[in-house]
Amino acid sequence: MPRLRPSLFWRARREISPMAAKLLPACRDLESAANELRWIREYVRDTKSPIPDELRVWQLAEKRGRGIPLQYVLGTQPFGDIEIKCRPGVLIPRPETEAYTLHLASLLSQSSPPPTSLSILDLCTGTGCIPLLLLHSLLIPLRAPTPIFLHGVDISPAAIRLARANLTHNTPALNRFPHASSSSCPYNLTFSQFDIFSPSLITHLQHFLNPQIHTPTPTGTGTGTQDQNTEPPTKIPDLLVSNPPYISPRDFNSATARAVRNHEPRLALVPQQQEGLSPIHRYRHDRYNCRPEDVFYARILEIASVLKPKRVLVEVGGWEQALRVVRLVLENSTAATSRNNDGGHKSQEEYNLVEVWRDEPSAGDKGERVEVAGREVVVQGEGRGRAVYLSRV
Ligand SMILES: C[S@@+](CC[C@H](N)C(=O)[O-])C[C@H]1O[C@@H](n2cnc3c(N)ncnc32)[C@H](O)[C@@H]1O
């Protein structure tokens with residue numbers, strides 16, 4: 001990163017304020033420093049403290065100038081039309097995640113026939129931003145009293161505490177929709193702490209989907225080697241979504257922004273490989289033979305092959321990873337078999353739609369196609385490769 005010229009600090013002091021000069025090491029240019037100073041001032045104006053306002057602005061600018069992300073300094077990040085609380089130790093939600101979450105909500109709300117209820121699972125939920133924004137965005141267009149059941153899991157206790165705090169924080173906004181707060185049509189968003197590699201995860205998710213059938217299992221971070229219940233559940237989720245850790249240790253050290261490396265949790269970004277935390281070597285070497293940074297996708301696809309969600313969306317870190325995930329899907333999907341009219345059997349692809357979504361998927365189908373493992377895959381939207389979307393619908 002090039003060093004800043006001293007003249008820029010003088011200009012910041014003279015043209016904006018000495019506080020803007022404090023922000024420059026993190027903001028890098030005058031316009032961003034002026035914007036961030038305005039947001040800090042607004043935050044100080046809107047929140048109560050016994051400390052005098054100007055001193056608070058100075059303290060916060062000083063923190064930010066040391067490179068601490070603004071979201072941790074101010075404690076929140078706008079995400080769609082909701083506000084997500086942010087705390088050190090839990091990943092800050094990104095705009096690309098917001099873009100595909102909104103696009104997913106519009107797909108779900110437009111499905112025909114309209115859903116009579118919706119169940120959504122979010123693996124690696126972090127702040128809970130994805131299920132919260134889905135819920136908020138679905139309550140508007142659905143209008144009709146469609147019950148929505150959402151469940152998020154994360155291995156990090158700090159993330160689960162924050163996700164629950166985010167639900168409380170956004171409940172007034174969610175209950176502004178009359179049918180949302182009515183007892184005849186409740187939504188239900190819950191979070192639990194779970195290692196997604198835990199053998200009891202699938203039973204836990206099945207219980208969430210069919211509370212009357214399965215007995216609850218204690219939450220935890222078990223590390224056995226076999227899923228206990230591989231029976232398909234009677235009720236299938238409408239959506240399985242996940243933004244898992246997907247950066248290789250090498251890219252984390254060489255290609256990740258310093259602010260992210262220094263201040264955001266490595267657990268959220270790089271698949272952890274310590275023995276005893278989760279048996280990920282099994283997935284990587286024995287079964288799917290995938291790269292260390294792709295290991296969560298192998299596990300998510302395995303979970304999907306049991307729960308059979310109607311739609312799956314996983315976030316990826318670029319075009320190359322998107323293609324590797326599509327290949328993983330196509331090469332490992334267990335082809336279902338159905339009966340022909342003449343009594344014979346025909347094989348069916350597990351997913352009848354496999355797409356790569358770019359950063360802004362709502363820009364739509366621009367005619368871009370890519371061939372992976374002999375199948376033509378539709379590429380939606382504009383920007384970098386950001387997600388892989390699978391649908392049985
Ligand atoms: C990239 S962050 C995504 C957070 C959030 N969904 C978002 O989009 O901002 C990945 C999350 O996965 C969680 N995580 C890491 N390993 C996990 C595991 N084995 N099981 C469940 N969650 C895990 C981390 O704690 C982190 O919150």
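Note that the numbering runs from 1 along the sequence shown for the chain. Each ligand, and each atom within it, is numbered from 1 in the order the structure gives.
- Counting the atoms of ligand 1 from 1 in the order shown, those under 4.0 Å from a heavy atom of Ser156 are 25 (O).
- Each of the following atoms of ligand 1 lies closer than 4.0 Å to a heavy atom of Phe194: 20 (N), 21 (C).
- Residue-ligand proximity: Tyr246 is placed with every non-hydrogen atom at 4.0 Å or more from ligand 1.
- Contacts with ligand 1 closer than 4.0 Å are made by backbone heavy atoms (N, CA, C, O) of Thr125 only, the side chain lying farther away.
- Every atom of ligand 1 is numbered from 1 in the order shown, and the set under 4.0 Å from a heavy atom of Phe296 is 16 (N), 17 (C), 18 (C), 19 (N).
- Contacts of Ser242 with ligand 1, taken as heavy-atom pairs under 4.0 Å, are absent altogether.
- Summarising the contacts of atom 6 (N) of ligand 1 with Gly128, Cys124, Gly126, the nearest heavy atom is found in Cys124.
- Between Leu138 and Ile120 there is a side-chain heavy-atom pair separated by less than 4.5 Å.
- Here the shortest heavy-atom distance to atom 21 (C) of ligand 1, taken over Asp122, Leu201, Ile155, belongs to Ile155.
- Annotation for ligand 1: atoms under 4.0 Å from non-hydrogen atoms of Thr97 are 8 (O).
- Ligand-side atoms of ligand 1 in range of Cys129: 7 (C), 8 (O), 9 (O), range being under 4.0 angstrom from any heavy atom.
- With sequence neighbours left out, the side chain to side chain contact (heavy atoms under 4.5 Å, CB included) criterion links Ser49 to Ile51, Arg56.
- Residues Pro245 and Val270 form no side-chain contact, since every pair of their non-hydrogen atoms from C-beta on lies 4.5 Å or further apart.
- For the pair Glu62 and Gln59, the minimum side-chain heavy-atom distance is 4.5 Å or more.
- For a threshold of 3.5 Å applied to N or O pairs, the pair formed by Asn243 and ligand 1 contains at least one separation below that value.
- Listed by number with element, the atoms of ligand 1 under 4.0 Å from a non-hydrogen atom of Leu91 are 1 (C), 2 (S).
- Looking at Glu368 and Arg358, a side-chain N of the basic residue comes within less than 4.0 Å of a carboxylate O on the acidic one, giving a salt bridge.
- Of all the heavy atoms of Asp154, the ones lying under 4.0 Å from any atom of ligand 1 are found in both the backbone and the side chain.
- Each of Glu293, Glu315, Arg291 was evaluated against Tyr246; a single residue qualifies, Glu315, per the side-chain hydrogen bond (donor to acceptor under 3.5 Å, both in side chains) test.
- Using a 4.0 Å cut-off between a side-chain N of Lys or Arg and a carboxylate O of Asp or Glu, Glu54 and Arg41 qualify as a salt bridge.
- For ligand 1, the polar-atom distance check finds an N/O of Asp195 within less than 3.5 Å of one of the ligand's N/O atoms.
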Validation: residues 75-85 side-chain donor-acceptor distances under 3.5 Å, sequence neighbours left out:
| residue | atom | partner | partner atom | Å |
| --- | --- | --- | --- | --- |
| Gln77 | OE1 | Gln71 | NE2 | 2.9 |
| Glu83 | OE1 | His169 | NE2 | 2.8 |

Do Ser362 and Glu360 pass the side chain to side chain donor-acceptor pair (under 3.5 Å) test, and can you show the C-alpha distance, the side-chain angles, and the key distance before you say yes or no?
CA-CA 6 Å; Ser362 58; Glu360 192 38 84; 2.5 Å; yes
